[in-house]
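Working notes, beginning with the structure itself.
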Amino acid sequence: QVQLVESGGGSVQAGGSLRLSCVASGITFSTCDLAWFRQTPGKEREGVAAVDHLGNRNYADSVKDRFTFSRVNTANGEITLYLQMNSLGPEDTAMYYCAAGRWIGASLYASLYNYWGQGTQVTVSS
């Protein structure tokens, strides 16, 4: 059973940084593609960053040069995802979700992902 558990959200002032983490278990390293999405009330879920099983990365234009997505395959069969977020602005305020899927590449389309975490809130004040 695939499980994704996010952590690391919080409140920060504009210009600050946060690092989100997501532990993924029950998934096969060699075939899984992973991503971070975010969503604000009344809006569709937006792709932020993705990495495929080959390590290719894809970032939304709005976060390029500010956010960095990394993944670490741990010895106990889990994958830990990190989203380092720098130079945060109020527009980055959202619920952030990690997601996993197979054979979809480094896609930023939410509908392609089968597995989702519960989300972690990021709030950036001006």
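The structure displayed is predicted, hence computed values, not measured ones. Here, residue 1 is the first one in the sequence, and each next residue gets the next number.
The cationic atom of R45 (NZ for Lys, CZ for Arg) lies less than 6.0 Å from the six-membered ring centre of Y97 and within 45° of the ring axis.
Residues A106 and D52 come closest through the heavy atom pair N-CB, 3.6 Å. Residues V2 and G26 come closest through the heavy atom pair CG2-O, 3.2 Å. In plain terms, the two heavy atoms of T40 and A94 that are nearest each other are CG2-CB, 3.7 Å. The minimum heavy-atom distance linking A60 with G47 is given by the pair CB-O, 3.4 Å.
The structure places CG of L34 at 8.0 Å from CG of L4, a figure rounded to the nearest 0.5 Å. Rounding to the nearest 0.5 Å gives a distance of 7.5 Å between NE2 of H53 and OG1 of T31. Atom CG of L112 and atom CZ of R102 lie 14.5 Å apart (nearest 0.5 Å). Between Y59 atom OH and L83 atom CG the span is 7.5 Å, to the nearest 0.5 Å.
For residues 84-93, the salt bridge (charged side-chain N to carboxylate O under 4.0 Å, His left out) pairs, not counting sequence neighbours, are R38-D92, R66-D92.
Remark: side-chain polar atoms of N58 are not paired, donor with acceptor, to backbone N or O of A50 under 3.5 angstrom. Looking at T68, its side chain never comes within 3.5 Å of a backbone N or O of Q84 through a donor-acceptor pair. Side-chain atoms of T120 come within 3.5 Å of backbone atoms of G9 as a donor-acceptor pair (strictly under, hydrogens ignored). No donor-acceptor pair closer than 3.5 Å links the side chain of Q3 to the backbone N or O of S25. Looking at Y96, its side chain never comes within 3.5 Å of a backbone N or O of Q39 through a donor-acceptor pair. Checking side-chain atoms of D33 against main-chain N and O of I104 turns up a donor-acceptor pair under 3.5 Å.
Side-chain atoms of V122 and L18, non-hydrogen and from C-beta on, do get closer than 4.5 Å to each other. The shortest distance between side-chain heavy atoms of S11 and Q121 does not fall below 4.5 Å. Q118 places none of its side-chain heavy atoms less than 4.5 Å from the side chain of C98. Counting heavy atoms from C-beta outward, M85 and L20 have side chains that approach closer than 4.5 Å. When side chains are defined from C-beta on, R71 does not count as touching Y82, because their heavy atoms never get closer than 4.5 Å.
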When you look at C32 and I79, which way does the side chain to side chain contact (heavy atoms under 4.5 Å, CB included) test go after all the steps?
CA-CA 10 Å; C32 71; I79 302 173; 3.4 Å; yes
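Under the 4.5 Å side-chain contact rule for hydrophobic residues, V48 and Y115 share a cluster. A continuous path of hydrophobic side-chain contacts links M95 to Y113 [ILVMFWY only; heavy atoms under 4.5 Å].
Taking the six-membered ring wherever Trp is involved, the centroid distance between the rings of F67 and W36 does not fall below 6.0 Å.
By the 30° and 60° cut-offs, the orientation of the rings of W116 relative to F37 is tilted.
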